[in-house]
**Q** 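What follows is a structure written as structure tokens; I'll ask about it next.
Convention: sequence-line order gives letters A, B, ...; per-chain numbering from 1. Quick caveat: nothing in here was measured; it's all calculated off a predicted structure.
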2 protein chains.
Amino acid sequence: MHHTDSHGGVRDEDLLRLDHQICFSLHAATRAFNGVYRVALRELGLTYPQYLVMLVLWEHGELPVKRIGEHLRLDSGTLSPLLKRLEAAGYVERRRSLRDERSVTVRPTTSGAALRERALGVPRRMAEVTGMDLEEVRDLRTRLRDLAAALDEAAQALDGGGGTDGGAR
Amino acid sequence: MHHTDSHGGVRDEDLLRLDHQICFSLHAATRAFNGVYRVALRELGLTYPQYLVMLVLWEHGELPVKRIGEHLRLDSGTLSPLLKRLEAAGYVERRRSLRDERSVTVRPTTSGAALRERALGVPRRMAEVTGMDLEEVRDLRTRLRDLAAALDEAAQALDGGGGTDGGAR
DNA sequence: ATCAATTCAGTTGTGCACAACTCAATTGGG
DNA sequence: CCCAATTGAGTTGTGCACAACTGAATTGAT
């Protein structure tokens with residue numbers, strides 16, 4: 001069972017080692033990114049996911065929870081408590097839609113809109129501190145986007161018609 | 001203040017929009033990656049972070065909690081409960097070091113070692129499903145590693161001297 | 001008009017990340 | 001030798017991600 005090389009002459013052991021490295025690298029990069037934003041966002045009183053939600057709201061002004069979730073690929077299980085905290089902090093306002101009583105519309109308060117001005121410094125400081133120029137940022141964004149798309153597809157493939165054994169959902 | 005272009009003629013609004021895109025892309029890519037592994041690891045009864053720990057243990061055989069934490073950049077606050085769950089699942093064994101009573105040594109049980117054979121299929125299926133060849137994987141790993149290093153440095157700079165005006169370095 | 005299926009927000013439970021802390025074991029300076 | 005500082009594991013509390021579920025509002029088929 002040591003001679004399998006179904007992928008370009010790479011042995012299973014090396015594959016596992018490489019997987020270790022790639023998994024760890026992604027995991028570490030994410031947490032490093034998170035850490036930098038954590039520091040940069042501390043003075044704004046926002047966590048990184050809360051910042052993402054505010055970015056969406058600043059851009060669109062007012063959105064139902066469902067739409068925010070679509071923009072960020074997050075479900076209500078994550079967003080509901082997060083939005084309650086943003087509301088408690090005074091940054092957003094939630095109210096039941098009159099059109100559709102199931103839907104809840106979220107929008108920045110005056111305070112939340114004002115926060116945007118202070119937030120403008122964040123990406124500027126990130127750019128300074130990482131030393132990445134616009135080209136690099138755009139390139140990274142594109143790569144990550146493609147990667148995410150490939151992975152989302154992969155998850156579907158695995159989950160649905162999936163692998164060697166059954167593994168029904 | 002709409003004319004500020006401290007970074008190559010890019011206005012603050014665009015910077016914020018770009019930050020939105022890059023933040024979201026990384027966040028989404030990470031969660032997508034996580035999702036694929038979640039599916040692939042389901043049959044092994046491991047979560048993604050548990051898989052990372054097992055990868056380290058398979059490679060090194062036996063390590064104190066401290067060393068595992070250094071390999072994965074995780075602290076005892078994260079590792080202690082995770083290792084207790086791995087122990088409850090019967091995959092690892094923990095025992096107090098005789099040399100130093102503060103230290104706890106972790107090593108795979110027979111069952112945990114056997115799990116390695118089944119885990120060999122995981123990176124293979126990941127490779128299949130993402131369609132990335134070895135070169136791409138290695139390239140991505142390198143990029144992520146560099147990014148993480150730059151970000152870790154950045155966090156230090158921000159945290160340490162990076163006060164109100166963000167002058168650091 | 002009625003009832004079954006769907007949609008949306010929210011809750012519950014599990015696991016991870018991280019800060020701040022406790023406590024025992026070890027180490028080093030006097 | 002003794003005590004202060006350090007080290008290593010663990011606990012507590014907060015917040016996020018996600019699965020599975022609840023419950024109310026809406027939609028659709030008959």
**Q** Can a side chain N or O of B:S76 be found less than 4.0 Å away from OP1 or OP2 on D:dA9?
**A**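 So the side-chain polar atoms of B:S76 never come under 4.0 Å of the phosphate oxygens OP1 or OP2 of D:dA9.
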
**Q** Taking atom C1' of C:dT7 as reference, at what distance in whole Å does atom CD of A:E70 sit?
**A**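 Atom-to-atom, A:E70 to C:dT7, this comes out as 12 Å.
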
**Q** If you check every side-chain atom of B:R96, which of D:dC18, C:dT11, D:dA9 has the closest atom?
**A**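 Looking only at heavy atoms from C-beta outward on B:R96, the closest nucleotide is D:dA9.
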
**Q** How close do B:R31 and A:L72 get, heavy atom to heavy atom, and via which atoms?
**A**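 Where B:R31 meets A:L72 most closely, the heavy atoms are NH2-O, 3.2 Å.
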
**Q** Out of D:dT26, D:dA9, D:dC18, which has the shortest distance to the side chain of B:R31?
**A**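 Of all the options, the side chain of B:R31 is nearest to D:dC18.
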
**Q** Tell me the interatomic distance from B:L83, atom CG, to C:dG15, atom C1', rounded to whole angstroms.
**A**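 Checked: the CG to C1' distance equals 14 Å.
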
**Q** Please give, in whole Å, the distance from D:dG8 P to B:L63 CG?
**A**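 Going from CG in B:L63 over to P in D:dG8 covers 14 Å.
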
**Q** Nearest to the side chain of B:R102, which nucleotide is it out of C:dC18, D:dA25, C:dA24?
**A**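 So the side chain of B:R102 is nearest to C:dA24.
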
**Q** Rounded off to whole Å, could you give me the NZ-to-P distance for the B:K66 and C:dA24 pair?
**A**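 Taking NZ of B:K66 and P of C:dA24, I get 20 Å after rounding.
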
**Q** Expressed in angstrom and rounded to an integer, what is the separation of B:E101 atom CD from D:dG10 atom P?
**A**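 These atoms are roughly 13 Å apart.
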
**Q** Considering only C:dA9, D:dG10, C:dA25, which nucleotide approaches the side chain of B:D100 most closely?
**A**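 So the side chain of B:D100 is nearest to C:dA25.
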
**Q** Given C:dA19, D:dC18, C:dT11, which nucleotide is nearest the side-chain atoms of A:L74?
**A**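 Closest nucleotide among those given: D:dC18.
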
**Q** How long is the line joining CD of A:E87 and C1' of C:dA9, in whole Å?
**A**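 Taking CD of A:E87 and C1' of C:dA9, I get 13 Å after rounding.
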
**Q** Go through the N and O atoms of the side chain of A:T47 and the base of D:dG15, and report whether any donor-acceptor pair is under 3.5 Å.
**A**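 Checked by distance alone, the answer is no.
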
**Q** Please check the phosphate of D:dT7 (OP1 and OP2 only) for any side-chain N or O of B:S103 closer than 4.0 Å.
**A**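 Checking B:S103 against D:dT7: no side-chain N or O falls below 4.0 Å of OP1 or OP2.
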
**Q** Nearest of D:dT26, C:dA9, D:dC18 to any side-chain atom of A:V65?
**A**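 Given the options D:dT26, C:dA9, D:dC18, the side chain of A:V65 is closest to C:dA9.
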
**Q** Go through it in stages, so that I can follow the logic: the residues are A:R107 and A:V92, the test is side chain to side chain contact (heavy atoms under 4.5 Å, CB included), and I'd like the CA-CA distance, side-chain angles, deciding distance and then a yes or no.
**A** CA-CA 5 Å; A:R107 61 170 181 177; A:V92 305; over 6 Å; no

**Q** Any salt bridge linking A:E70 with A:R67? Criterion: basic side-chain nitrogen under 4.0 Å from a carboxylate oxygen.
**A**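 Salt bridge flag = yes for A:R67 with A:E70.
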
**Q** Classify A:L79 by what it touches in the nucleic acid, base, sugar-phosphate, or nothing, heavy-atom distance under 4.0 Å.
**A**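 Touches nothing.
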
**Q** What nucleotide among C:dA9, D:dA17, C:dC18 has an atom nearest to a side-chain atom of A:T78?
**A**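 Closest nucleotide among those given: D:dA17.
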
**Q** Heavy-atom nearest nucleotide on DNA chain C for B:L98 versus B:D75: which residue maps closer to 5'?
**A**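 Result of the comparison: B:D75.
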
**Q** Does OP1 or OP2 of D:dA9 have a side-chain N or O of B:K84 closer than 4.0 Å?
**A**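 For D:dA9, neither OP1 nor OP2 has a side-chain N or O of B:K84 closer than 4.0 Å.
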
**Q** Can you tell me the distance, in whole Å, between the CD1 atom of B:I68 and the P atom of D:dG10?
**A**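 The distance from CD1 of B:I68 to P of D:dG10 comes to 10 Å, rounded to the nearest Å.
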
**Q** May I ask you to say what B:R94 touches in the nucleic acid, namely base, sugar-phosphate or nothing, with a heavy-atom cut-off under 4.0 Å?
**A**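 Answer is sugar-phosphate: B:R94 comes under 4.0 Å of backbone atoms only.
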
**Q** Any chance you could measure B:R116, atom CZ, to B:L55, atom CG, to the nearest 0.5 Å?
**A**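 Nearest 0.5 Å value for the CZ-CG distance: 9.0 Å.
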
**Q** Parallel, tilted or perpendicular, judged at 30° and 60°: which one describes the rings of A:H60 and A:H71?
**A**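 Ring orientation, 0 to 90° scale: tilted.
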
**Q** Anything under 30° is parallel, anything over 60° is perpendicular, the rest tilted; go ahead and classify A:Y37 against A:Y48.
**A**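 The rings of A:Y37 and A:Y48 sit tilted, inter-plane angle from 30° to 60°.
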
**Q** Using the closest heavy atom to pick a nucleotide of DNA chain D for each, name whichever of A:Q50 or B:P81 lands nearer the 5' end.
**A**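 The residue mapped nearer the 5' terminus is B:P81.
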
